[in-house]
Engineer: 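Mind looking over this structure? Questions follow.
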Amino acid sequence: MRSLLLIICVLVSLSSAFSFTIPPVKRASTTLKETKEQKDWVNDLIWTPSWKSGARDKEFCEITNYNEDLSKVIRRKTRTVQCGPINFGSEHRIVRQTMATTNTADVDATVDQVMRCADKGFDLVRVTVQGRREASACAQIREKLFKKGYDIPLCADMHFNPVVASLVADAVEKIRINPGNFADGRKDFDDHIYETEEDFKQERQYLAEAFIPLVEKCKKLNRAMRIGTNHGSMSSRVLSFYGDTPRGMVESAIEFADICRSQDYHNFVFSMKASNPLVMVQGYRLIAAEQYRLGWDYPLHLGVTEAGDGEDGRMKSAIGIGTLLSDGIGDTVRVSLTEDPEFEYEPCNRLAEIAESRLFVSPTAAAKQSAVETYEDTRDIQSFAKRQGDLPTQIDSDQIDARGFLHRDGSVIAVVTPEMLKQENVQYLYQELGCKLAVGMPFKDIATVDSLLMRTLPPSDAVAERTHLRRLIEVSTGVIVPAGELEKDPMENTVALMTLPEAIEKGGKLPTGAIRLAIELNGKETTEQLKALETLNPVMLLNNPSTDVSYLHASRRLFELLKEIDSKLPVIHHFESTSITDKNELALQIGMRCGSLLTDGLGDGVCVELTSDHRFSVDQLRQMSFGLLQGCRMRSTKTEFVSCPSCGRTLFDLQETTARIQEATGHLPGVTVAVMGCIVNGPGEMADADFGYVGTLPGKVDLYLGKEVVRKSIPNEEAVDGLVELIKEHGMWVDKEDEAEPEAQEAMSIAN
């Protein structure tokens, strides 16, 4: 095998040395009438019946399930796909993978990085292959890795070049193709409109001619393939016919899978990546559901593309990947961060570990899932609709404005202790809650918490602490306190917290001073108890399932019962932990647990309560909570960055450039900026961004407004300033506020 690879390497090098070129495959014009032979050739392939015409529903059935069991976490049954020494599929562990950021033509640098990734624990590494030079380098990389004792499989990332894809299949174990640009990356909507099934089907001959040689090569050599649709790079043909939708992503992949299946080639997996976790989740659920009704069992590779870096990148990945893993969907995972690939391992591995620990085969997980009362799951996976909880309303007897206790786009509730309200701490607390300060008085800002949860109150004789708390209430901050505490030592204008049985027993009667009721749920309430909620009229529900029931399934049951009684009571997801001490772990856990509900539009906010010895600051938990809401496309409190993770195609220092752009534009809530290292996903990802910064030539950048390039070939050193000017020109710029006084910036960790 190694000798064969050396021969291939030499032949590829010789072809490059003599500038040997293969003429491109000529496109069959769709404006000319096809011959009968051409039509027969295409029709001989086995095409899945049309979804759009309804033929698929008639021949098979309507879409029903997207996973094995809605009440239990059971891995979706998938076939084994071989990829060198590893296997994908439900009979095997979840595969952890990453992507090299080196220039693939730099063989030694790539070999070194792949070895570091293998040493970290990754099972597979993807590398960029733009052309013949990189294909030749792959053969050398593979051989050098073998000589150093590394058999970790390599995946070639292919775009735009079918001929080179077939060439590099000789050297690597897996090929990733993108249906959006493998044979056709056009985005010229004006010239190509596909309105009918016949118009759409005419292109299939061209796709098949370009794709079948690679399929035959992979089948012959037993290479694996990923049919990897990307929301940001769908072809104009698919966009014209299906729109910029998850359905378009799925149909694009099915079309390429039909070609594979027609050649009796089945060693492939699917992926449905998007930078928007909601789009990504819907795309994967749809491809899983389609496979169930078609009788297919191909594995799924999970990933949120262009997730970004740091806490936000981990949170966004946990929301998308975690939601799917929580339902038993996914056979291989990549967490795409704008960081060196080695740093992707910890979040990638942890998400897989968490998912594996929640499978029904685990006795502990099985007991928790079985403890949830039976319910009917009526969620519609083919569309997204947020359940909108009712906001607090003002009543005549209110002495303060209670309408700000919750926020229409998603609420954040912070846990506060009496110690934080002491005179020496309170100014720091106000800032950590996200308040603006004017002569020491707090006011709400765009990212201020909406309400506070206090397990205990300062005693009534602690005049200063109560005054500080009163100032927060006066600017429409809710203060939620257990009813028992208020009965012992009342405080005016508070929200009394009760369990549902307690509230039923008291008939919803509030303690002295309280003006609203909040009810805490533990996931064990009976249907009859939950039906009593409407008569109790709470201002909010705190959803905090007990540790001996499944959080996901108990929560889904709650929302189904609320739907059954036509209740629009707002639900806050209460995340509680006694053991988490690491911020990255916290981001993954919150994203996976709460995000798996918010991606279905189920929930109106979050409250994070930690009781571990490690003390997170109120500010850390506030920012993480807002990060969760923004990642779930609910409440925008800062600039949203769609940032690619870098690869061998990247035309500038992505990490350094992203940091500069974040520093210059990170204070613009409601604005989305895409930072793309190259053109592959650039224009497409502009669909989810207001402005784009895309590498096009070495040292040059194009700036986008939406999907349209408005400034070309700007030198790197001038491009960030150019981006700022573009934002200003379109009225979406605000100047940064003056920095706070130095003493107010001192780091202070306030205990939870």
Engineer: Any chance you could measure L207, atom CG, to K201, atom NZ, to the nearest 0.5 Å?
Structural biologist: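 L207 CG to K201 NZ: 14.0 Å, rounded to 0.5 Å.
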
Engineer: Do T104 side-chain atoms and V129 backbone N/O form a donor-acceptor pair below 3.5 Å?
Structural biologist: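 Not at all, since once roles are kept as given, no pair shorter than 3.5 Å links the two residues.
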
Engineer: Any chance you could measure R76, atom CZ, to S90, atom OG, to the nearest 0.5 Å?
Structural biologist: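 It is 8.5 Å, given to the nearest 0.5 Å.
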
Engineer: Where is the tightest heavy-atom contact between G320 and V281, given as atom of each residue plus distance?
Structural biologist: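 In this case the closest contact between G320 and V281 is O-CG2, 3.8 Å.
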
Engineer: At their closest point, which heavy atom of S336 faces which heavy atom of S317, and how far apart are they?
Structural biologist: N-OG, 4.5 Å

Engineer: Can a donor-acceptor pair be found, under 3.5 Å and without considering hydrogens, that links the side chain of D123 to the backbone of Q97?
Structural biologist: no

Engineer: As a test of understanding, state which of K386, R387, R285 forms a salt bridge (charged side-chain N to carboxylate O under 4.0 Å, His left out) with D600.
Structural biologist: R285

Engineer: Does the side-chain hydrogen bond (donor to acceptor under 3.5 Å, both in side chains) test come out yes or no for Y298 and R261, once each step is laid out?
Structural biologist: CA-CA 11 Å; Y298 301 104; R261 289 170 55 83; 2.9 Å; yes

Engineer: State, with a plain yes or no, whether a side-chain heavy atom of D297 is found less than 4.5 Å away from one of K77.
Structural biologist: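 D297 does not reach K77 side chain to side chain.
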
Engineer: Check D244, T245, N276, T305 against H231 for a side-chain hydrogen bond (donor to acceptor under 3.5 Å, both in side chains) and give me the one that passes.
Structural biologist: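 Output: one option passes, namely D244.
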
Engineer: Checking side chain to side chain contact (heavy atoms under 4.5 Å, CB included) for the pair V701/L723: CA distance, chi angles, key distance, verdict?
Structural biologist: CA-CA 10 Å; V701 169; L723 176 63; over 6 Å; no

Engineer: For the pair D702 (side chain) and S713 (backbone), establish whether a donor and an acceptor sit closer than 3.5 Å, ignoring hydrogens and angles.
Structural biologist: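 Pair found, side chain donor or acceptor close to backbone of S713.
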
Engineer: Checking D409 side chain against M634 main chain: does a donor-acceptor pair fall under 3.5 Å?
Structural biologist: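 Judged by distance alone, no pair lies under 3.5 Å.
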
Engineer: Under 3.5 Å, is there a donor-acceptor pair between the E198 and Q202 side chains?
Structural biologist: no

Engineer: Could you tell me whether the side chain of E173 and the main chain of A224 form a donor-acceptor pair under 3.5 Å?
Structural biologist: no

Engineer: Distance from R556 atom CZ to L597 atom CG, nearest 0.5 Å?
Structural biologist: 6.5 Å

Engineer: Could you report the tightest heavy-atom contact between N67 and D327, atom names first, then the distance?
Structural biologist: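 So the two residues come closest at ND2-O, 3.2 Å.
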
Engineer: Kindly indicate whether the side chain of V95, heavy atoms from C-beta on, has any atom under 4.5 Å from the side chain of H92.
Structural biologist: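 SC-SC contact between V95 and H92 ruled out.
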
Engineer: May I have the step-by-step check of side chain to side chain contact (heavy atoms under 4.5 Å, CB included) for C155 and R226, ending in yes or no?
Structural biologist: CA-CA 9 Å; C155 174; R226 169 156 67 96; 5.7 Å; no

Engineer: Report yes if some heavy atom in the side chain of L351 is under 4.5 Å from a heavy atom in the side chain of L302; otherwise report no.
Structural biologist: no

Engineer: In Å and rounded to the nearest 0.5 Å, what is the CZ to CD distance from F270 to E290?
Structural biologist: 10.0 Å

Engineer: Under the ring-ring contact (aromatic ring centres under 6.0 Å, His included) test, which residues partner F256, sequence neighbours left out?
Structural biologist: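 In terms of ring-ring contact (aromatic ring centres under 6.0 Å, His included), with neighbours along the sequence ignored, F256 is linked to F211.
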
Engineer: Is there a donor-acceptor pair under 3.5 Å between the side chain of R633 and the backbone N or O of P277?
Structural biologist: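 No, the answer is negative, given that no donor and acceptor are paired below the 3.5 Å cut-off.
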
Engineer: I'd like to check the side chain to side chain contact (heavy atoms under 4.5 Å, CB included) partners of N65; sequence neighbours left out, ordered by chain and number.
Structural biologist: Y292

Engineer: More than 12 heavy atoms of other residues, nucleotides or ligands under 6.0 Å from CD of Q382: yes or no?
Structural biologist: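 Check passes, neighbour count above 12.
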
Engineer: Could you check whether any side-chain N or O of S50 sits under 3.5 Å from a backbone N or O of K52, counting only pairs where one atom can act as donor and the other as acceptor?
Structural biologist: yes

Engineer: Of all the heavy-atom pairs spanning E344 and M99, show the shortest one and how long it is.
Structural biologist: OE1-N, 4.3 Å

Engineer: Taking V164 as the fixed residue, which of E134, R132, H159 is the one that meets the side-chain contact (heavy atoms from CB on, under 4.5 Å) rule?
Structural biologist: R132

Engineer: Within a 6.0 Å radius of atom CD on E729, are there more than 12 heavy atoms belonging to other residues, nucleotides or ligands?
Structural biologist: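 Enclosed.
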
Engineer: I'd like to know if the side chain of R126 reaches the main chain of L124, judged simply by a donor and an acceptor atom lying under 3.5 Å from each other, with no hydrogens or angles considered.
Structural biologist: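 No, because the side chain of R126 does not come within donor-acceptor range (under 3.5 Å) of the backbone of L124.
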
Engineer: Can a donor-acceptor pair be found, under 3.5 Å and without considering hydrogens, that links the side chain of Y66 to the backbone of A288?
Structural biologist: no

Engineer: Output the distance between atom OG (S252) and atom CZ (R237), rounded to the nearest 0.5 Å.
Structural biologist: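 That separation rounds to 8.0 Å.
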
Engineer: Output, in order, the C-alpha distance, side-chain angles, deciding distance and verdict of salt bridge (charged side-chain N to carboxylate O under 4.0 Å, His left out) for R293 and D57.
Structural biologist: CA-CA 9 Å; R293 75 163 164 180; D57 289 347; 2.4 Å; yes

Engineer: Show the nearest heavy-atom pair for residues V125 and A100, with the distance to one decimal.
Structural biologist: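 Shortest heavy-atom contact: CG1-N, 3.8 Å.
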
Engineer: So, E91 versus T80: side-chain donor-acceptor pair below 3.5 Å or not?
Structural biologist: no

Engineer: Angle between ring planes, F200 versus F241, binned at 30° and 60°: parallel, tilted or perpendicular?
Structural biologist: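 Aromatic pair F200/F241 classed parallel.
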
Engineer: With respect to M280, which candidate in L324, I319, T323 satisfies the side-chain contact (heavy atoms from CB on, under 4.5 Å) definition?
Structural biologist: L324

Engineer: Work out which heavy atom in P179 is nearest to a heavy atom in A253; give both atom names and the distance.
Structural biologist: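 What the structure gives for the nearest pair is CG-CA, 4.4 Å.
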
Engineer: Distance check, rounded to the nearest 0.5 Å: E251 atom CD versus M234 atom CE?
Structural biologist: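 If I round to the nearest 0.5 Å, the distance is 11.5 Å.
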
Engineer: Main chain of G303, side chain of R334: is a donor-acceptor contact present, judged purely on distance under 3.5 Å?
Structural biologist: no

Engineer: Just wondering, are more than 12 heavy atoms of other shown residues or ligands nearer than 6.0 Å to CD in E376?
Structural biologist: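 It does not: E376 CD has 12 such atoms or fewer within range.
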
Engineer: With the side chain counted from C-beta on, respond yes when I86 and P153 share a heavy-atom pair under 4.5 Å apart, and no when they do not.
Structural biologist: yes

